[in-house]
Amino acid sequence: MVSDQFSTGSSRPDLDPSAPDPEPREECGVFGVWAPGEEVAKLTFYGLYALQHRGQEAAGISVADGRQIVVFKDLGLVSQVFDEQVLVSLRGHVAVGHCRYSTTGSTTWENAQPTFKTTATGSGLSLGHNGNLVNTAELRDMAKEQGLGASGATTDSDLLTGLLAAAAADKGIEQAALDLLPKVRGAYCLVFSDESTLYAARDPHGVRPLVLGRLERGWVVASETAALDITGASFVREVEPGELIAIDAEGLRSTRFATPEPKGCIFEYVYLARPDTTISGRSVHATRVEIGRKLAIEAPVEADLVIPVPESGTPAAIGYAQASGIPYGSGLVKNAYVGRTFIQPSQTIRQLGIRLKLNPLRDVIRGKRLVVVDDSIVRGNTQRALVRMLRESGAVEVHVRIASPPVRWPCFYGIDFASRAELIANGLDADGIRRSIGADSLGYVSLDALVQASEQPRTRLCSACFDGDYPIPLPDNALIGKHLLEGLGENSGREKGVAGDAAPVFAAGYGASDALSRP
């Protein structure tokens with residue numbers, strides 16, 4: 001028997017002010033496939049596996065066969081939620097997949113995706129969302145005006161699904177989406193389906209990536225091109241900002257629901273996306289190497305060895321070594337199996353801090369002047385612990401180099417940074433941060449150099465976390481935040497941050513409760 005709750009109280013290491021920083025986390029990865037004759041559930045499983053870095057709290061897949069939709073979702077990693085038996089049981093030709101990290105709503109079973117609703121005509125609607133909306137309170141008021149009842153979920157994604165399902169009863173899902181999406185503000189990449197058709201939509205600013213791929217017998221949409229590669233789909237193009245795509249037996253059709261105003265997230269290049277992904281025609285790995293080269297020019301130092309903080313700092317460290325002429329080496333070993341888990345470490349283990357994830361190679365480090373390259377600094381705890389560990393391992397000097405500008409502003413478009421008060425660069429200048437983390441020197445790449453490395457026009461990029469220039473207007477602070485809907489009385493009766501039942505559940509499109517009630 002699985003316990004109903006997993007405690008996530010004050011013992012959580014990510015809430016411990018002395019613990020290493022939790023890494024900046026993306027909300028979700030989305031994947032969809034329309035492919036008659038293919039094992040779409042297995043294709044979606046592998047697509048989500050390739051997108052696991054975008055969300056590790058929950059995973060789900062819905063499959064439709066023309067008559068009904070079946071949804072299977074649970075808390076945990078993709079490999080923990082699904083096994084061969086489950087995947088074989090999910091039969092159909094349309095699938096929607098999702099892996100979640102929460103930026104709106106707590107980590108509960110009800111908030112796992114895909115979300116599911118039934119229309120007044122009995123048809124089903126399954127939806128996965130990557131991003132974060134900024135007019136959630138307005139959408140909640142709209143839902144109340146339409147008499148839509150609470151489902152137990154507390155996410156902007158669930159609200160969106162409910163509004164789409166309500167409108168689809170009269171005009172069909174496609175027209176309902178074309179009417180509703182212009183009223184939705186924020187960052188969103190949506191992949192959704194009814195019993196026979198796959199849909200995909202991207203917000204007018206295209207903040208989060210979404211791509212279209214071709215299979216021999218169908219189509220795929222995914223958050224990143226790496227997910228196309230793993231499923232054998234060939235890249236066709238990006239889903240355009242402000243575009244709705246529908247795929248069914250009649251083929252693929254595209255409709256514009258808004259004028260595109262591209263503002264792609266620049267932090268995708270820095271950290272969020274896989275290095276083997278391509279965004280706007282630019283290789284993420286090549287971008288990160290170029291960032292490192294520019295960092296070496298802007299923040300040079302005399303040293304004996306360049307080492308990365310693996311894995312996210314590796315490409316930039318390679319670029320730094322290339323441009324500086326300082327040898328590149330591996331001075332830190334990462335434990336690849338430390339990730340999202342419901343088993344919290346004991347106090348003794350937690351005091352090891354960064355050593356849970358990284359361990360120094362003392363023979364490499366001892367007696368060396370080190371350049372340590374990392375992707376970003378959030379609160380500074382990770383770098384502080386890292387510098388201390390390297391000195392204890394015999395490093396003579398530790399020079400920290402960061403492959404992004406100082407993070408001074410929180411993100412409201414789908415990255416779970418710390419609050420502005422917790423961001424170390426919000427209260428300290430570079431030398432103050434250097435002293436705080438105990439480094440011999442500290443250098444950041446400039447925003448101009450970062451933009452140049454991306455090879456994208458600055459006017460097409462969102463860099464709000466660095467410069468505070470938010471391209472999508474934000475509401476009053478009281479009407480935004482992770483627990484907004486819970487604050488409006490929409491919680492499911494559980495404490496914020498407490499996970500619900502871990503028992504998986506099936507839900508059929510016909511006659512299924514909107515809340516996907518457990519059997």
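Because the structure is a prediction, the values reported are computed rather than measured.
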[X] and [Y]: which non-hydrogen atoms are nearest, and at how many Å?
X: V306; Y: V373; answer: CG1-CG2, 4.0 Å
X: A222; Y: F31; answer: CB-CD1, 3.7 Å
X: Q383; Y: S376; answer: NE2-O, 3.1 Å
X: A403; Y: I291; answer: O-CG2, 3.5 Å
X: Y188; Y: L133; answer: CD2-CD2, 3.7 Å
X: V372; Y: V398; answer: CG2-CG1, 3.9 Å

Mind checking whether [X] and [Y] have side chains closer than 4.5 Å, heavy atoms only?
X: I318; Y: T314; answer: yes
X: E311; Y: D375; answer: no
X: R460; Y: I266; answer: no
X: V284; Y: R274; answer: no
X: P410; Y: R420; answer: yes
X: S330; Y: I307; answer: no
X: C28; Y: H98; answer: yes
X: F466; Y: F267; answer: yes

| field | K368/E397 ion pair, N-O < 4.0 Å | value | no
| Should E298 and K294 count as an ion pair when the cut-off is N to O under 4.0 Å? | no
Do side-chain atoms of [X] reach the backbone of [Y] as a donor and acceptor pair under 3.5 angstrom?
X: R379; Y: I424; value: no
X: Q113; Y: C99; value: no
X: Q52; Y: V78; value: yes
X: S393; Y: P360; value: no
X: R401; Y: A299; value: yes
X: E243; Y: E240; value: yes
X: D304; Y: R369; value: yes
X: R100; Y: N111; value: yes
X: E268; Y: Y271; value: no
X: T277; Y: A273; value: no

Gap between atom [atom2] of [Y] and atom [atom1] of [X] - 0.5 Å precision:
X: R208; Y: C189; atom1: CZ; atom2: SG; result: 8.5 Å
X: E224; Y: I230; atom1: CD; atom2: CD1; result: 12.0 Å
X: L461; Y: C265; atom1: CG; atom2: SG; result: 9.0 Å
X: L332; Y: L361; atom1: CG; atom2: CG; result: 7.0 Å
X: L428; Y: I437; atom1: CG; atom2: CD1; result: 10.5 Å
X: H399; Y: L305; atom1: NE2; atom2: CG; result: 12.0 Å

| message | Can you tell me if F257 has over 12 outside heavy atoms packed within less than 6.0 Å of its CZ? | response | yes
| task | May I ask you to check whether over 12 heavy atoms, not counting those of Y49, lie within 6.0 Å of atom OH? | result | no
| request: Go through the steps to decide whether R282 and E455 satisfy the test salt bridge (charged side-chain N to carboxylate O under 4.0 Å, His left out), and finish with yes or no. | output: CA-CA 7 Å; R282 175 64 164 157; E455 295 187 350; 3.6 Å; yes
| request: Please test Q322 against V289 for side chain to side chain contact (heavy atoms under 4.5 Å, CB included), starting from the C-alpha separation and ending with a verdict. | output: CA-CA 9 Å; Q322 290 175 350; V289 172; 3.8 Å; yes
| task | Evaluate the side chain to side chain contact (heavy atoms under 4.5 Å, CB included) criterion for residues V207 and I472: first the C-alpha distance (whole Å), next the side-chain angles of each, then the deciding distance (0.1 Å), finally the verdict. | result | CA-CA 10 Å; V207 177; I472 307 171; 4.1 Å; yes
| request: Show your reasoning for whether side chain to side chain contact (heavy atoms under 4.5 Å, CB included) applies to E238 and S280. | output: CA-CA 8 Å; E238 294 195 351; S280 297; 3.8 Å; yes
| message | For a side chain to side chain donor-acceptor pair (under 3.5 Å) check, start with the C-alpha distance between T287 and E290, then their side-chain angles and the critical distance, and finish with the verdict. | response | CA-CA 5 Å; T287 300; E290 182 62 22; over 6 Å; no
| query | Once the angle between the rings of W409 and Y470 is folded into 0 to 90°, is it parallel (under 30°), tilted (30 to 60°) or perpendicular (over 60°)? | reply | perpendicular
| task | Give a yes-or-no answer on whether the side chains of S436 and R384 include a donor-acceptor pair shorter than 3.5 Å. | result | yes
Under 3.5 Å, sequence neighbours excluded: what are the donor-acceptor pairs made by side chains of residues 180-187?
residue : atom : partner : partner atom : Å
R185    : NH1  : E138    : OE1          : 3.4
R185    : NH2  : E138    : OE2          : 3.2

| Verdict with reasoning, V400 to V387, per side chain to side chain contact (heavy atoms under 4.5 Å, CB included) | CA-CA 8 Å; V400 175; V387 170; 4.0 Å; yes
| query | Which residue pairs satisfy the salt bridge (charged side-chain N to carboxylate O under 4.0 Å, His left out) criterion with at least one member in residues 438-449, sequence neighbours excluded? | reply | R391-D440, D448-R458
